[in-house]
There are 2 protein chains.
Amino acid sequence: MGRIKTNNNASRKDIILQKAAILFKEKGFKAASMRELAEVVGVEAASLYNHIKSKNELLHEICFNVANKFNEKLEQIESTDLSALQKTEELLRFHINSMVQNFDEVFVSDREWKYLSEPYLSNFQTQRRTYRKRFAAIIEDGIKKKEIKKIDATTAVLIMLHAISGIESWHRSKQKISGAELEENMIAILVGGLKK
Amino acid sequence: MGRIKTNNNASRKDIILQKAAILFKEKGFKAASMRELAEVVGVEAASLYNHIKSKNELLHEICFNVANKFNEKLEQIESTDLSALQKTEELLRFHINSMVQNFDEVFVSDREWKYLSEPYLSNFQTQRRTYRKRFAAIIEDGIKKKEIKKIDATTAVLIMLHAISGIESWHRSKQKISGAELEENMIAILVGGLKK
DNA sequence: TTCTTTTCAGCAAACGTTTGTTAGTGTATT
DNA sequence: AATACACTAACAAACGTTTGCTGAAAAGAA
């Protein structure tokens with residue numbers, strides 16, 4: 001019957017990806033069915049396959065889109081001559097803003113990546129590990145330069161990244177503070193915990 | 001053929017629950033099948049139903065077991081006359097230790113509760129909300145008494161609880177620091193971030 | 001002890017659904 | 001006329017769970 005509406009310069013596939021991210025976030029990748037996705041998109045399930053190859057393709061497009069954005073930002077920050085603490089703060093602010101503004105995709109990438117199929121799964125895991133090591137290197141540099149208190153850098157990264165994924169709860173919450181306030185509070189607690 | 005082996009005073013149902021927690025943690029609740037669980041237990045799928053009512057029952061037993069333990073601890077801490085900062089630290093240490101020692105169940109309770117069926121789902125969500133409010137009340141009390149810096153208490157709770165759920169990564173990691181070291185580092189960063 | 005009976009706990013087979021996906025066909029847009 | 005995109009119908013595979021049955025262990029009676 002009705003075609004998928006394409007606004008602006010978004011392709012029909014883009015629409016499907018966007019709706020898929022919302023659905024995967026709400027129900028989880030395994031629990032979300034293609035028939036449900038089709039209903040949200042406003043079309044029969046079989047019609048989706050005119051635009052995508054498989055359910056798995058949807059997941060790995062979402063995951064790698066997000067991963068690429070974070071990698072780019074990390075690279076950009078590494079190339080500046082900010083102090084280690086400033087680099088950490090800027091990376092954290094980027095994570096927080098991404099989570100506030102592109103919640104669905106970032107959340108799915110964070111929580112549902114384990115359902116990626118090979119070889120994407122291995123690739124993603126490697127990228128993830130590498131990203132964390134580079135983040136930890138920034139913190140270790142700060143410790144050497146005595147900007148940051150003497151802690152295990154790996155643990156610090158673990159804490160910060162997971163703390164940010166908790167913005168999920170903020171999204172769900174009824175009486176929420178503003179995104180800007182959330183950002184300032186998170187920075188105060190997280191960066192405050194690093195300072196000497 | 002072979003029966004489920006019951007050591008000590010663990011019933012066969014206990015064995016199934018324990019294996020289910022491990023499986024749900026690894027594959028996710030929806031992706032884990034009863035046939036897989038049966039294989040891990042060493043029995044045919046149908047045989048599981050001599051001991052349990054349904055797959056859903058497994059999930060809600062796991063989730064409520066964990067929730068009960070945390071509620072008990074919170075109640076106990078509330079009844080002491082420690083300072084707000086000390087209460088926070090003790091609760092955090094309890095969370096960290098639970099995550100280190102009873103990883104499977106705590107992880108499943110944290111990440112897979114959304115697949116609970118009603119009325120357990122609503123019940124669980126309410127308990128969760130209540131728990132966080134009481135935790136936040138401790139922090140707010142600390143802010144009033146000027147032990148803790150002026151931040152949004154709800155955000156602080158969100159950060160701390162999610163940071164702890166990140167111990168998942170620590171479990172997966174190859175070259176890990178000891179559980180005790182992990183605990184001290186997390187406390188240093190998280191409680192350090194609260195102090196004035 | 002030995003014999004009988006009840007309970008426990010396993011099995012294979014099948015159930016009705018739901019799953020992701022494909023094939024073939026019609027119809028609107030270009 | 002050609003291409004893009006929607007539809008209906010169907011597929012095999014996998015799912016949670018039920019049924020009916022079997023043998024072993026536990027309990028009771030002799």
Side-chain angles (χ1 to χ4, degrees), chain A residues 1-21 23-24 26-63 108 112 114-118 120-121, chain B residues 1-21 23-24 26-63 108 112 114-118 120-121:
Chain A
M1 276 290 138
R3 296 196 146 199
I4 300 175
K5 291 169 197 164
T6 62
N7 299 345
N8 311 329
N9 39 12
S11 70
R12 291 181 184 11
K13 183 170 179 176
D14 291 336
I15 308 276
I16 294 173
L17 271 168
Q18 179 199 311
K19 300 285 189 185
L23 190 67
F24 293 169
E26 277 169 1
K27 323 252 308 186
F29 178 73
K30 278 286 173 183
S33 79
M34 295 304 277
R35 284 166 179 84
E36 283 177 292
L37 175 57
E39 196 183 333
V40 171
V41 173
V43 96
E44 289 300 316
S47 306
L48 296 173
Y49 289 85
N50 287 319
H51 307 281
I52 63 162
K53 283 206 282 291
S54 67
K55 186 186 182 187
N56 279 300
E57 188 204 18
L58 290 173
L59 182 61
H60 74 245
E61 292 229 3
I62 292 170
C63 289
V108 168
E112 307 290 324
K114 71 171 149 184
Y115 300 111
L116 286 168
S117 49
E118 293 293 357
Y120 300 99
L121 178 58
Chain B
M1 273 299 131
R3 297 194 147 200
I4 301 175
K5 291 170 197 162
T6 62
N7 298 346
N8 311 328
N9 39 12
S11 69
R12 289 177 166 76
K13 182 169 179 178
D14 292 336
I15 309 277
I16 295 173
L17 271 168
Q18 179 199 311
K19 300 284 190 185
L23 190 68
F24 292 170
E26 277 169 2
K27 323 254 305 186
F29 178 73
K30 279 285 173 184
S33 78
M34 294 303 279
R35 285 169 178 83
E36 282 177 292
L37 175 57
E39 196 181 334
V40 171
V41 172
V43 98
E44 289 299 316
S47 307
L48 296 173
Y49 289 86
N50 288 321
H51 307 282
I52 61 162
K53 283 205 283 292
S54 67
K55 187 186 183 188
N56 280 300
E57 189 204 18
L58 289 174
L59 182 60
H60 75 244
E61 293 228 5
I62 292 169
C63 289
V108 168
E112 307 290 325
K114 70 171 150 184
Y115 301 110
L116 285 167
S117 48
E118 293 291 359
Y120 300 99
L121 177 58

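Worth knowing before you read on, the calculation uses all heavy atoms, side chains too, and leaves out hydrogens, waters and symmetry mates. Please read these numbers as outputs of a predicted model, since none were measured by experiment.
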- Measure the distance from NZ on Lys13(B) to P on dC8(C) and round it to the nearest whole Å. 15 Å
- What is the distance, rounded to the nearest whole Å, between atom CG of Leu58(A) and atom P of dG20(C)? 11 Å
- Message: Working to the nearest 0.5 angstrom, can you tell me the gap between Gln18(B) CD and Asp14(B) CG?
- Response: 8.5 Å
- Item | Listed partners of Lys13(A) passing salt bridge (charged side-chain N to carboxylate O under 4.0 Å, His left out), at least two apart | Glu57(A), Glu61(A)
Please tabulate, one pair per line, each protein N/O and nucleotide N/O from nucleotides 2-5 of chain D that are separated by under 3.5 Å, including the distance.
unit_1 : atom_1 : unit_2   : atom_2 : d
dC5(D) : OP1    : Arg12(A) : NE     : 3.4
dC5(D) : O4'    : Arg3(A)  : NH2    : 3.3

- Residues that Lys55(B) engages under side-chain contact (heavy atoms from CB on, under 4.5 Å), provided they are two or more places apart: Phe24(B), Phe29(B), Met34(B)
- Query: Out of Leu37(B), Leu17(B), Leu58(B), which residue meets the side-chain contact (heavy atoms from CB on, under 4.5 Å) rule with Ile52(B)?
  - Reply: Leu58(B)
- Partner set under salt bridge (charged side-chain N to carboxylate O under 4.0 Å, His left out) for Lys27(B), not counting sequence neighbours: Glu36(B)
- Message: Base contacts versus sugar-phosphate-only contacts with protein, heavy atoms under 4.0 Å: please encode nucleotides 14-21 of chain D as B, S and - from 5' to 3'.
- Response: -BBBB---
- Message: Among residues at least two apart in sequence or on other chains, which ones pass salt bridge (charged side-chain N to carboxylate O under 4.0 Å, His left out) with Glu112(B)?
- Response: none
- Kindly compute the distance separating SG (Cys63(A)) from NZ (Lys114(A)), expressed to the nearest 0.5 Å. 12.5 Å
- Task: Round to the nearest Å and state the distance from Tyr115(A) atom OH to dG20(C) atom C1'.
- Result: 17 Å
- Item | Nearest-Å distance for atom pair CD/P, residues Glu44(A) and dT22(C) | 17 Å
- Message: Check this for me: Tyr120(B), atom OH, are more than 12 non-hydrogen atoms of other residues, nucleotides or ligands nearer than 6.0 Å?
- Response: no
